[in-house]
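Worksheet: the structure to be examined is printed underneath.
Values below: all heavy atoms of this structure, side chains included; hydrogens, waters and symmetry mates excluded.
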Amino acid sequence: MTLELTTPPQEMTVNQTSFRNALLDPETPAPDGLVTPEGTHAEKRFGVYRNNVAHSLSSALVDGFPVLTKLLGEEFFRQMALVYLRIHPPASQLIMHYGAAMPTFLVGFPGTVHLKYLPDVARLELALRRAYHAGDAEAIAPADLTQLDQATLMDTRLVLAPAVETLTSEFPVLSIWEFNMQDGPKPTMQAEEILISRRGYDPVAQRLPVGGAIFVNALIKGHAFGTALGLATSEVADFDLTATLSALIAGHGIIKIEKG
């Protein structure tokens, strides 16, 4: 028995930029140089692959923005996602982070521009996702904080968990989120300050009193307790420190106390 050796088709190269552009735009033909193992042009196979990629990325956005999807309807959201992925293709192999540009995208997208609260809803959903994937950290016991005398507390630096961040919005974005995800009451139009953190493996969002975001952001930047308090009270004379600290403790947001 003999084997007949055949010369393979001439090797062809595909420009990566052309490949990516065609992959994300269904109106663009398959790039030149793309061939099947048999040496024929792979336009049909490329079309199937392109559809699978678009569907996977759209599904990742649906999963990452459940409230946006519910507010806009899944059919509309998926069509919008196809536009989004052409403008903002994935910049990382970690698909869990895909969608970071959604708030800015929503500001100018024709079908959503009149819904002014949507970008902040997207910011909240992104923050909750970041909290879920943030590094692990063990929270302090509440007594560790409450047993400090006032003078010591003012010079103390509170180290916050990697999951902690804040969101300030002129819209009731947390109320919108709760209404859609937890059957909460119908939102009333008002500004909200929100603390995002994580208890165990569960990201949580809590309302902060007015000025709470100023205080928490100052702690995140490494300011001492007294400095953070001063920044908050300079903006909000009746700043509710107790409510803000209660939210941080309830959200397992404080992981270390560094005395000055």
So does Ala81 get a backbone contact from the side chain of Ser58, meaning a donor-acceptor N/O pair under 3.5 Å? no

Side chain to side chain, Thr188 and Pro172, heavy atoms closer than 4.5 Å: no

Side chain to side chain contact (heavy atoms under 4.5 Å, CB included) between Ile95 and Leu57, intermediate numbers included: CA-CA 8 Å; Ile95 203 66; Leu57 291 177; 3.5 Å; yes

Rounded to the nearest 0.5 Å, the CG atom of Leu208 sits from the OG1 atom of Thr168 at a distance of 8.0 Å

Quick check on the hydrophobic clustering: are Phe109 and Val62 connected, directly or via other members, by side-chain heavy-atom contacts under 4.5 Å? yes

Between the CG atom in Asn180 and the OG atom in Ser175, the distance rounded to the nearest 0.5 Å is 11.0 Å

Given 3.5 Å as the limit, does a donor-acceptor pair link the side chain of Arg207 with the main chain of Glu192, or not? no

Decide whether Tyr84 and Val113 are clustered together by the hydrophobic rule: side chain heavy atoms of Ile, Leu, Val, Met, Phe, Trp, Tyr closer than 4.5 Å, transitively. no

For Val121 and Trp177, run side chain to side chain contact (heavy atoms under 4.5 Å, CB included): C-alpha distance rounded to whole Å, both residues' side-chain angles, the deciding distance at 0.1 Å, then the answer. CA-CA 7 Å; Val121 172; Trp177 188 89; 5.7 Å; no

Given the rule that I, L, V, M, F, W and Y join up when any side-chain heavy atoms are under 4.5 Å apart, are Tyr201 and Val164 in one cluster? no

In sequence, state the C-alpha distance, the side-chain angles, and the governing distance for Gln79 and Leu82, and then conclude on side chain to side chain contact (heavy atoms under 4.5 Å, CB included). CA-CA 5 Å; Gln79 290 301 315; Leu82 294 177; 4.0 Å; yes

The reported gap from CD1 in Ile214 to CG in Leu231 (rounded to nearest 0.5 angstrom) is 7.5 Å

Sub-4.5 Å side-chain heavy-atom contact between Arg157 and Val159: yes

Give a yes or no on whether the backbone of Leu195 and the side-chain of Gln206 come within a donor-acceptor separation of less than 3.5 Å. no

Looking at OH of Tyr117 and CG of Leu124, how far apart are the two atoms once the value is rounded to the nearest 0.5 Å? 14.0 Å

Crowding at CD, Glu258 (>12 non-hydrogen neighbours, <6.0 Å): yes

Tell me whether the rings of His88 and Phe105 are parallel (<30°), tilted (30 to 60°) or perpendicular (>60°). perpendicular

Mind checking whether Val236 and Phe215 have side chains closer than 4.5 Å, heavy atoms only? no

I want to check something: taking the side chain as every heavy atom from C-beta on, are Leu148 and Thr146 in contact at a cut-off of under 4.5 Å? no

Give a yes or no on whether Asp183 atom CG has more than 12 heavy-atom contacts from other residues, nucleotides or ligands under 6.0 Å away. no

Using every non-hydrogen atom in the two residues, find where Ala127 and Ile196 come nearest and quote the distance to one decimal. O-CG2, 3.7 Å

Please work out which of the three classes, parallel, tilted or perpendicular, describes the rings of Phe65 and Phe77, given edges at 30° and 60°. tilted

Side chains of Ile194 and Ser169: does their closest heavy-atom pair fall under 4.5 Å? no

Do Phe179 and Leu174 belong together in a cluster built from hydrophobic side chains that touch within less than 4.5 Å? no

Taking every heavy atom of His252 against every heavy atom of Gly200, the minimum-distance pair comes out as ND1-N, 4.3 Å

Taking the side chain as everything from C-beta on, heavy atoms only, tell me whether Arg198 gets closer than 4.5 Å to Asp136. yes

Consider side-chain contact (heavy atoms from CB on, under 4.5 Å). Of Glu75, Glu74, Met80, which one does Arg78 pass it with? Glu74

Decide side chain to side chain contact (heavy atoms under 4.5 Å, CB included) for Leu145 and Leu158; before the verdict, give the C-alpha distance in whole Å, the side-chain angles of both, and the deciding distance to 0.1 Å. CA-CA 9 Å; Leu145 184 63; Leu158 302 183; 3.9 Å; yes

In terms of heavy-atom contacts, does OH of Tyr132 have more than 12 from other residues, nucleotides or ligands at under 6.0 Å? no

Any side-chain heavy atom of Thr166 sitting closer than 4.5 Å to one from Glu193? no

Any side-chain to backbone donor/acceptor pair from Glu178 onto Gly184? Under 3.5 Å, distance only. no

Tell me whether Leu245 shares a hydrophobic cluster with Ile257, the cluster being built from Ile, Leu, Val, Met, Phe, Trp, Tyr side chains joined at under 4.5 Å. yes

Enter the distance from Met181:CE to Lys70:NZ here, rounded to the nearest 0.5 Å. 8.0 Å

Minimum heavy-atom distance Gly111-His114, with the two atoms named: O-CE1, 3.3 Å

Would you name the heavy atoms of Ala100 and Pro103 that are closest together and state the gap between them? O-CD, 3.5 Å

Just how far is it from atom CG of Leu68 to atom OG1 of Thr112, taken to the nearest 0.5 Å? 9.0 Å

Which heavy atom in Leu61 sits nearest to a heavy atom in Gly99, and how many Å separate them? CD2-CA, 3.8 Å

Quick one, Leu72 and Leu115 - any side-chain contact, counting heavy atoms below 4.5 Å? yes

A quick test of your reading: do over 12 heavy atoms of other residues, nucleotides or ligands sit less than 6.0 Å from CD of Gln182? yes

Measure across Ala137 and Pro162 and return the closest heavy-atom pair with its distance rounded to 0.1 Å. CB-CD, 3.8 Å

When you measure from the centre of the six-membered ring of Tyr98, is the NZ or CZ of Arg129 under 6.0 Å away and within 45° of the axis? no

Over 12 non-hydrogen atoms of neighbours within 6.0 angstrom of CD in Gln190: yes

